[in-house]
Amino acid sequence: MSFLRRALVALKRVPDYNSIVRVHKDVGSLDLSQVAWALNPFCDIALEEALRLKESKVFSGVTIVTVGDADAVQVLRTGLSKGSVDEAVHVLAEEPLRQLQVAKILSHVAQMKACDVVFLGKQSVDDDCSQTGQMLAGLMQCAQATQAKQVDYCNDRNTLII
């Protein structure tokens, strides 16, 4: 029997890779008004892996979370449509946040929801920073694995094998 109870999966809303992003000529910033948005594909992979482990009875539940404006709720709907997700959390942030701010929020949500494992995509396709997971592990003072291809469970040692 597994001692791992819950998994938290962070989902990020990013511009769809088929969208054309334009630059405001007058101010030099990005014009995102005509951009289609989607779930970050690497977050989708993380969610699929967490749900696979839940189906294998490694986790008793999977919670998904996103941090963003009101429109970010769409990625939660996408995550919920996969089935087997027990809970969805939307942390409303009207302004874009830096990676450390997001990591602090995810740490708080993981503690509030009593999650034993947090899954994040290896990077987001909008900024390619790949920093939030490492910062989150530091804040939670726990081990981390990046670039994982597959996650398995070892019942004898009650550990995840990456």
Side-chain angles (χ1 to χ4, degrees), residues 4-19 21 30 32 35-56 58-93 95-153 159-162:
L4 299 173
R5 298 170 305 216
R6 296 194 61 79
L8 179 68
V9 182
L11 305 179
K12 186 175 183 185
R13 179 178 172 252
V14 296
D16 187 282
Y17 68 92
N18 287 322
S19 292
V21 179
L30 296 180
L32 301 176
V35 171
W37 296 88
L39 172 61
N40 180 48
F42 295 113
C43 295
D44 194 24
I45 293 167
L47 177 57
E48 291 292 337
E49 193 65 18
L51 293 176
R52 183 186 68 79
L53 289 167
K54 180 185 176 193
E55 290 171 8
S56 299
V58 173
F59 300 122
S60 63
V62 172
T63 298
I64 56 175
V65 60
T66 193
V67 180
D69 63 14
D71 293 329
V73 74
Q74 184 58 42
V75 297
L76 293 177
R77 289 187 186 116
T78 301
L80 288 167
S81 72
K82 307 267 183 203
S84 297
V85 173
D86 300 287
E87 186 176 16
V89 177
H90 181 197
V91 179
L92 189 61
E95 296 296 320
L97 300 178
R98 305 290 300 168
Q99 290 82 4
L100 181 57
Q101 294 168 304
V102 174
K104 288 178 179 179
I105 291 168
L106 294 177
S107 175
H108 183 70
V109 172
Q111 289 176 336
M112 279 181 29
K113 299 298 179 181
C115 295
D116 300 299
V117 177
V118 182
F119 287 85
L120 290 84
K122 70 172 186 160
Q123 67 193 59
S124 63
V125 296
D126 58 350
D127 59 16
D128 283 334
C129 282
S130 188
Q131 296 175 345
T132 306
Q134 291 84 336
M135 291 179 185
L136 176 61
L139 290 169
M140 295 180 72
Q141 297 181 348
C142 64
Q144 65 168 320
T146 60
Q147 314 288 328
K149 182 177 178 183
Q150 183 174 341
V151 180
D152 290 312
Y153 180 70
T159 57
L160 292 176
I161 302 170
I162 310 299

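A donor-acceptor contact shorter than 3.5 Å links the side chain of S81 to the backbone of T78. Side-chain N or O atoms of N40 include one that pairs as donor or acceptor with a backbone N or O of Q123 at under 3.5 Å. Without hydrogens or angle criteria, Q74 side chain to D71 main chain gives no donor-acceptor distance under 3.5 Å. Remark: side-chain polar atoms of Q99 are not paired, donor with acceptor, to backbone N or O of M135 under 3.5 angstrom. In this structure, the side chain of D16 does not engage the main chain of A38 through any donor-acceptor pair within 3.5 Å.
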Worked check of side-chain contact (heavy atoms from CB on, under 4.5 Å) between L97 and I105: CA-CA 10 Å; L97 300 178; I105 291 168; 3.6 Å; yes

Intermediate values then yes/no, salt bridge (charged side-chain N to carboxylate O under 4.0 Å, His left out), K12 and D127: CA-CA 11 Å; K12 186 175 183 185; D127 59 16; 3.6 Å; yes

Worked verdict on R52 versus E55 for salt bridge (charged side-chain N to carboxylate O under 4.0 Å, His left out): CA-CA 5 Å; R52 183 186 68 79; E55 290 171 8; over 6 Å; no

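Within 6.0 Å of atom CD in E95, 12 or fewer heavy atoms from other residues, nucleotides or ligands are found, so the atom counts as exposed in its surroundings.
Contact check for P41 versus V125: side-chain heavy atoms found under the 4.5 Å cut-off. Taking 4.5 Å as the limit, some side-chain heavy atom of L160 sits within range of a side-chain heavy atom of V58. For the pair L47 and F119, the minimum side-chain heavy-atom distance is 4.5 Å or more. In this structure, the side chains of M112 and V89 stay at 4.5 Å or more apart for every pair of heavy atoms. Taking the side chain as every heavy atom from C-beta outward, L100 and L139 approach each other to under 4.5 Å.
A pairwise comparison of heavy atoms in S107 and L136 identifies N-CD1, 3.4 Å as the closest pair. Shown here for A143 and A137, the closest heavy-atom pair between the two residues is O-CB, 4.4 Å. The shortest non-hydrogen separation linking L39 to V75 is CA-CG1, 3.8 Å. Taking each heavy atom of V9 and C43 in turn, the nearest pair found is CG1-O, 4.4 Å. The two atoms that bring A46 and G121 nearest to each other are CB-N, 4.0 Å, heavy atoms only. Of all the heavy atoms in L11 and G79, the pair that sits closest is CD1-CA, 4.2 Å.
Note that the CG atom of D152 and the CG atom of L53 stand 7.5 Å from one another [nearest 0.5 Å]. Separation of atoms CE (M140) and CD (Q111) is listed at 6.0 Å; rounding is to 0.5 Å. Separation of atoms CZ (R13) and OG (S124) is listed at 13.5 Å; rounding is to 0.5 Å. One distance of note links NZ of K82 with CG of D44; it measures 3.5 Å at 0.5 Å rounding. For the atom pair CG (L51) and OG (S56), the distance works out to 11.0 Å, reported to the nearest 0.5 Å. With rounding to the nearest 0.5 angstrom, the CZ atom of F59 is 10.5 Å from the CG atom of L8.
If you run salt bridge (Lys or Arg N to Asp or Glu O under 4.0 Å) between D86 and each of R5, K113, K54, only K54 comes through.
At a cut-off of 3.5 Å, with distance as the only test, a side-chain donor of R6 or T63 sits close to an acceptor on the other residue.
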